[in-house]
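Remarks on the structure that follows.
Predicted model, so just to flag it, every value in this text is computed and none were measured. Proteins come first, then strands; the chains are lettered A, B, ... in the order of their sequence lines, and each starts at number 1.
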Protein chains: 2
Amino acid sequence: MTSALPLAAGRIADLRAALSRHAIDAVLIPSSDPHLSEYLPDHWQSRRWVSGFTGSVGNLVVTAEFAGLFADSRYWIQAEKELVGSGITLMKTPTAASPLHVQWLADNVPEGGVVAVDGAVLGASAQRAMAAAFAPRRLQLKLDVDLMGDIWRDRTAIPGGAIFEHAMPHAVTPRAGKLAAVRAAMKQAGAEWHLLSTLDDIAWLTNLRGRDVAFNPVFLAFALVGMERATLFVADGAIDAALANTLAADGIDLAPYANVGAALKALPDAATVLIDPDRNTVGTLGHAKATTRWIEAINPSTLLKSRKSASEAQFVRDTMAHDGAALCEFFAWLEAAIADNQPLTELDIDREITAARAKRPGYFGQSFATIAGFNANGALPHYRATPEAHSMIEGNGLLLIDSGGQYAGGTTDITRMVAIRNVNEQQKRDCTLVLKGMMALARMRFPRGTKGPMLDAIARAPIWSAAINYGHGTGHGVGYFMNVHEGPQTISPAAQLSPHHGMEPGMISSDEPGIYRPGQWGVRIENLLLTVPFETNEFGEFLAFETLTLCPIDTRCLDLSLLDATETAWLNAYHATVRERLAPLVSGAAHAWLMQVTIAV
Amino acid sequence: MTSALPLAAGRIADLRAALSRHAIDAVLIPSSDPHLSEYLPDHWQSRRWVSGFTGSVGNLVVTAEFAGLFADSRYWIQAEKELVGSGITLMKTPTAASPLHVQWLADNVPEGGVVAVDGAVLGASAQRAMAAAFAPRRLQLKLDVDLMGDIWRDRTAIPGGAIFEHAMPHAVTPRAGKLAAVRAAMKQAGAEWHLLSTLDDIAWLTNLRGRDVAFNPVFLAFALVGMERATLFVADGAIDAALANTLAADGIDLAPYANVGAALKALPDAATVLIDPDRNTVGTLGHAKATTRWIEAINPSTLLKSRKSASEAQFVRDTMAHDGAALCEFFAWLEAAIADNQPLTELDIDREITAARAKRPGYFGQSFATIAGFNANGALPHYRATPEAHSMIEGNGLLLIDSGGQYAGGTTDITRMVAIRNVNEQQKRDCTLVLKGMMALARMRFPRGTKGPMLDAIARAPIWSAAINYGHGTGHGVGYFMNVHEGPQTISPAAQLSPHHGMEPGMISSDEPGIYRPGQWGVRIENLLLTVPFETNEFGEFLAFETLTLCPIDTRCLDLSLLDATETAWLNAYHATVRERLAPLVSGAAHAWLMQVTIAV
């Protein structure tokens with residue numbers, strides 16, 4: 001990263017000159033794009049380009065006197081390194097979602113001053129919160145000045161790669177059926193139109209996929225859904241003529257990506273448009289006529305997408321078996337390499353695990369960047385080994401591997417601990433506590449609609465009982481050949497309590513408690529869970545979890561004496577299932593390894 | 001209740017005539033008073049007086065054409081009986097806090113119409129929510145018309161009984177220290193003044209108690225705290241000269257109860273006044289000058305009051321031993337009466353349990369109306385036996401007893417199940433599941449600041465696992481010789497997630513999961529828990545619960561085979577503690593009973 005440092009200082013200077021030209025007191029550069037995506041195409045990496053900080057989440061604030069990067073604890077070590085010499089102060093925030101940067105602006109910009117943010121990448125809800133924070137000191141929010149255009153001359157183009165169909169048999173629900181379901185929700189909300197900016201909602205609705213964004217099989221687009229036809233705004237040429245004809249037959253017309261604003265503006269006076277204010281930017285919405293009547297609600301597709309159909313769930317089960325079989329091949333290789341005392345690095349893990357997955361049917365790519373962290377590196381929840389910075393896997397300890405794949409039949413995400421030779425007693429206790437938490441949530445039964453904080457507590461309780469806690473949520477929603485992080489549900493202490501965020505049958509969620517000891521080791525164990533019906537009676541409708549992930553848990557990392565009878569029985573039953581499901585899909589060393597590690601304890 | 005019925009119809013007619021005279025389209029009569037108390041003095045029982053419905057929570061809406069009582073499921077059976085012949089429709093609401101009545105008004109009053117509510121009993125937050133709901137159809141909210149004054153001619157007077165000191169040794173913290181702590185919070189919030197309308201906050205702050213309200217040892221008052229002196233607005237003559245002198249020496253001046261409005265009005269222009277908008281009515285606040293600068297926050301005393309000091313906790317422990325000893329005497333009597341086949345009713349339970357408590361040091365009165373429900377009556381969480389309607393305790397089954405006392409050294413609240421002769425297997429399973437939930441929460445360890453929904457889930461999980469749920473929260477805060485229900489913490493799925501509502505050391509909370517089978521039986525087991533430090537380390541500050549309540553749990557109601565080793569050990573350890581602590585305080589039959597029922601299982 002050292003090469004970025006002089007650049008950052010110069011770019012801050014350029015930015016300050018632009019502030020001065022436009023009579024702006026402060027600029028906020030967030031980590032976002034017009035689609036409010038988790039992974040940003042290079043075109044919208046303004047914050048990274050200006051500051052040199054490469055972390056995925058952080059807000060840059062620049063005034064004539066001050067430049068600060070607001071980032072949460074995941075990034076402090078990295079940011080301190082990357083910001084050296086840039087003149088940018090690291091401002092530590094308690095959480096990723098903390099509005100500390102907004103508060104800083106509200107407190108420090110002179111009364112009546114002007115704060116610029118690029119409206120094209122600012123969510124409507126975020127804009128409202130900012131305006132409210134700025135009101136007491138009458139700060140003005142300027143959303144339409146293109147400061148990056150002034151200073152970023154060789155800016156990367158907006159991607160617009162080929163778009164393809166999520167094909168049968170895996171695309172279980174036809175796009176016509178999805179459009180009908182969304183229109184039913186529009187009708188109920190009293191809306192004639194519906195604007196979508198979020199890429200996974202659009203890919204789900206259209207049964208299309210792309211490669212415009214890292215790890216997420218989506219493409220850059222907006223969608224405007226009317227009661228008869230829908231318009232998909234995509235890059236020219238991204239969809240070939242044959243697919244365009246298919247879409248047209250299903251009621252979907254194409255338009256250039258840049259035309260979404262004009263299309264919004266062309267809606268009839270007083271048109272009623274359903275929008276999710278958390279999922280559209282003020283820049284996009286700002287194109288509409290002033291008479292437009294916005295109807296605010298969660299995107300109907302977010303709810304529909306989260307509830308996988310029975311056929312989708314069955315494809316996911318098959319995909320999980322192949323993903324687990326690939327992992328058996330990887331683990332058999334790893335055990336042999338360790339037994340041979342081969343020199344191994346964390347990068348080898350990524351390469352081998354990805355190669356094993358790539359041989360499996362329907363494989364498309366990684367669902368996120370593999371995390372392979374040995375000992376102290378495992379204590380960094382978002383660690384990623386790079387050619388410049390990684391560790392050798394040597395001596396004794398714990399190797400944390402968090403990885404996943406995108407397949408036509410589903411998206412996987414799994415974390416396993418591996419014992420590298422000797423594991424000490426405290427490491428075993430940590431692994432066992434985490435496993436107890438993971439199993440407690442997996443065994444949980446609960447009323448339909450139960451909210452994230454209540455489920456989160458179940459996984460955390462065994463870990464809390466040892467006076468240990470972890471700083472991330474216990475689980476996130478997972479898509480179907482789609483983003484590995486999706487809503488509306490999250491299993492987290494801070495999860496929202498509104499009715500839209502409750503657990504519903506068909507949701508897929510991760511179950512991944514952890515323990516992190518900075519400088520020593522980190523433990524996380526993760527399976528994916530499908531929410532399934534349990535029982536309906538006079539007390540209501542109850543749900544349970546079906547564990548989808550199929551991969552052995554390394555019992556060499558465990559202190560089995562800490563498990564109670566129920567927990568031991570769960571572990572043995574899980575290993576019996578894993579053996580039964582994976583054995584037909586592996587052979588040779590992988591088969592032998594599977595047989596050995598799934599013996600009951 | 002039959003005598004009330006013709007009255008209600010006549011009073012609705014009188015009210016409609018008053019609506020017509022004042023050109024009002026609808027009136028809302030809530031269940032509240034100027035102090036937003038749980039238990040209302042008769043003077044403010046307007047809803048009960050008009051409708052004849054005697055339940056504690058319900059909103060009456062009357063228009064020229066419609067009269068509806070909005071009440072939640074606890075009251076449906078009772079309300080249907082009490083409303084017969086009144087012309088009032090029972091409107092079923094999903095929860096006690098449901099704003100369905102506000103929505104009904106927003107939907108049904110003609111556009112631009114006038115809705116009257118007595119501002120004197122309407123909380124400021126409630127008024128805002130109502131105004132927001134009424135805005136789309138431009139309904140006007142009229143807060144200053146005294147409809148009840150028009151029609152309720154023999155209205156009961158406002159109480160104003162004698163006020164006395166919560167004396168030493170039990171009043172551990174001097175009122176001067178409490179005033180200083182409140183003033184520190186005022187200063188931090190930038191307020192020169194602080195208005196208190198809630199009776200428990202005022203009684204806590206002043207170390208005074210009274211008998212103006214049922215079950216709560218409080219008195220009718222307002223308090224206005226300045227930086228030098230505070231004014232207590234109470235009934236003339238309620239405080240004698242000696243106590244008035246003591247208070248004056250501590251910086252507290254007295255003024256007539258009715259003068260609070262004038263005192264607010266007399267504050268300097270632009271005075272900064274700290275108020276909790278959930279804890280003051282618009283009627284009270286409306287007396288202030290328009291220039292008053294309200295600073296809104298939770299009452300500082302609510303937070304301070306919830307955290308009992310070490311000395312207060314020690315008095316509570318002593319009080320719990322005496323309360324438990326009283327219960328031993330009661331249970332010994334009950335067992336003998338049942339063995340003798342004496343005719344017994346639910347009313348006998350209330351009488352005997354209260355008589356046993358009354359003999360104990362520092363006893364002041366019941367902390368709420370005893371709930372003694374045999375079999376099907378136990379399935380009504382808010383059942384109260386009356387001379388007109390109660391059951392014989394005969395044959396076999398489960399007797400649920402929920403009762404508590406006010407003592408100078410603390411407030412108690414306990415629920416126990418009693419086996420009446422034979423208890424069947426399903427009843428035993430229900431009791432055991434509830435006990436498992438109760439014990440799981442009692443054993444819990446958790447980070448400081450953990451919120452209610454997360455703790456609630458721990459108690460619910462064992463019950464959910466059998467596809468059973470209960471419709472109330474798991475726990476409420478408990479005062480120190482104070483209201484048996486106090487905030488800010490609640491252990492409930494719907495508990496607030498703001499930082500002020502997290503668990504803090506020194507809080508006392510109930511732990512009372514349940515199972516209710518309408519028409520059959522109900523189960524609830526309740527202990528009070530003190531939040532205590534557990535461990536502080538690199539992961540943060542962790543808390544645990546100390547069980548305060550000391551009283552045997554009837555193991556004849558249990559299926560011991562359903563308990564795991566940890567649970568059995570907890571139960572045996574609890575009974576060993578109960579025996580050790582209570583044995584010195586009981587003799588004769590009570591002592592013999594205690595020895596027998598605390599034998600390890």
Side-chain angles (χ1 to χ4, degrees), chain A residues 94 379 430 433 440-441 443-471 474 491-499 502-503 514-520 533-544 564-567, chain B residues 94 379 430 433 440-441 443-471 474 491-499 502-503 514-520 533-544 564-567:
Chain A
D430 284 353
L433 288 171
L441 180 58
R443 296 197 320 260
M444 190 68 185
R445 289 150 179 187
F446 50 90
R448 181 172 174 177
T450 295
K451 304 303 186 308
M454 300 188 74
L455 297 171
D456 182 90
I458 300 302
R460 237 171 258 270
I463 297 167
W464 281 352
S465 74
I468 302 174
N469 200 3
Y470 49 98
T474 298
I491 301 175
S492 152
Q496 293 184 268
L497 296 181
S498 81
M503 272 289 163
I515 293 179
Y516 306 96
R517 297 188 183 273
Q520 300 186 77
F534 167 49
E535 190 177 321
T536 298
N537 58 31
E538 70 269 33
F539 295 102
E541 187 177 345
F542 291 83
L543 306 175
D564 67 26
T566 311
E567 292 165 335
Chain B
D430 283 353
L433 288 171
L441 181 57
R443 296 196 322 259
M444 190 68 184
R445 290 150 179 188
F446 50 90
R448 181 172 173 176
T450 296
K451 305 303 187 308
M454 300 188 74
L455 297 171
D456 182 271
I458 301 301
R460 237 170 259 270
I463 298 167
W464 281 352
S465 74
I468 302 174
N469 201 3
Y470 50 97
T474 298
I491 301 175
S492 150
Q496 292 183 270
L497 297 182
S498 82
M503 271 289 165
I515 293 178
Y516 307 95
R517 297 188 183 273
Q520 299 187 76
F534 167 49
E535 191 177 320
T536 298
N537 58 30
E538 70 270 32
F539 294 103
E541 186 178 345
F542 291 82
L543 306 175
D564 67 27
T566 311
E567 292 165 335

**Report entry** Closest contact, heavy atoms only, W464(B) versus M444(A)
**Finding:** CE3-CE, 3.4 Å
Requested in this report: Please state whether the side chain, the backbone, both or neither of Y470(A) comes within less than 4.5 Å of a heavy atom of chain B.
Outcome: neither
Query - chain B contacts, top residue of A457(A), G471(A), A544(A) (heavy-atom pairs, under 4.5 Å) - result: A457(A)
Query raised in the report: Given the options S465(B), A494(B), A565(B), which has more heavy-atom pairs under 4.5 Å with chain A than any of the others?
Result: S465(B)
**Report entry** Side chain, backbone, both or neither of T536(B) within contact of chain A (heavy atoms, under 4.5 Å)
**Finding:** neither
Query raised in the report: Which region of I515(B), side chain (C-beta onward) or backbone (N, CA, C, O), has a non-hydrogen atom less than 4.5 Å from a non-hydrogen atom of chain A, or is it both or neither?
Result: side chain
**Report entry** Largest heavy-atom contact set with chain A, pairs under 4.5 Å, which of P453(B), A440(B), A466(B), G452(B)
**Finding:** P453(B)
Requested in this report: Identify which part of F534(B) has an atom lying under 4.5 Å from any heavy atom of chain A, answering side chain, backbone, both or neither.
Outcome: side chain
Report task. Please state whether the side chain, the backbone, both or neither of T450(A) comes within less than 4.5 Å of a heavy atom of chain B. Result -> side chain
Report summary line: Checked E535(B), M454(B), E538(B) vs chain A; the most non-hydrogen pairs under 4.5 Å come from M454(B)
Requested in this report: Could you grab the distance from atom CZ of F446(A) to atom CG of N469(B), nearest 0.5 Å is fine?
Outcome: 12.5 Å
Query - Heavy-atom proximity to chain A below 4.5 Å, by part of N537(B) - result: side chain
Query raised in the report: Looking only at heavy atoms, which two atoms of R517(B) and F539(A) are closest? And how far apart?
Result: NH1-CE1, 3.6 Å
Report task. May I ask you to name which of G540(B), P447(B), A461(B) has the most heavy-atom pairs under 4.5 Å with chain A? Result -> P447(B)
Query raised in the report: For P518(A), is it the side chain, the backbone, both, or neither that has a heavy atom closer than 4.5 Å to a heavy atom of chain B?
Result: neither
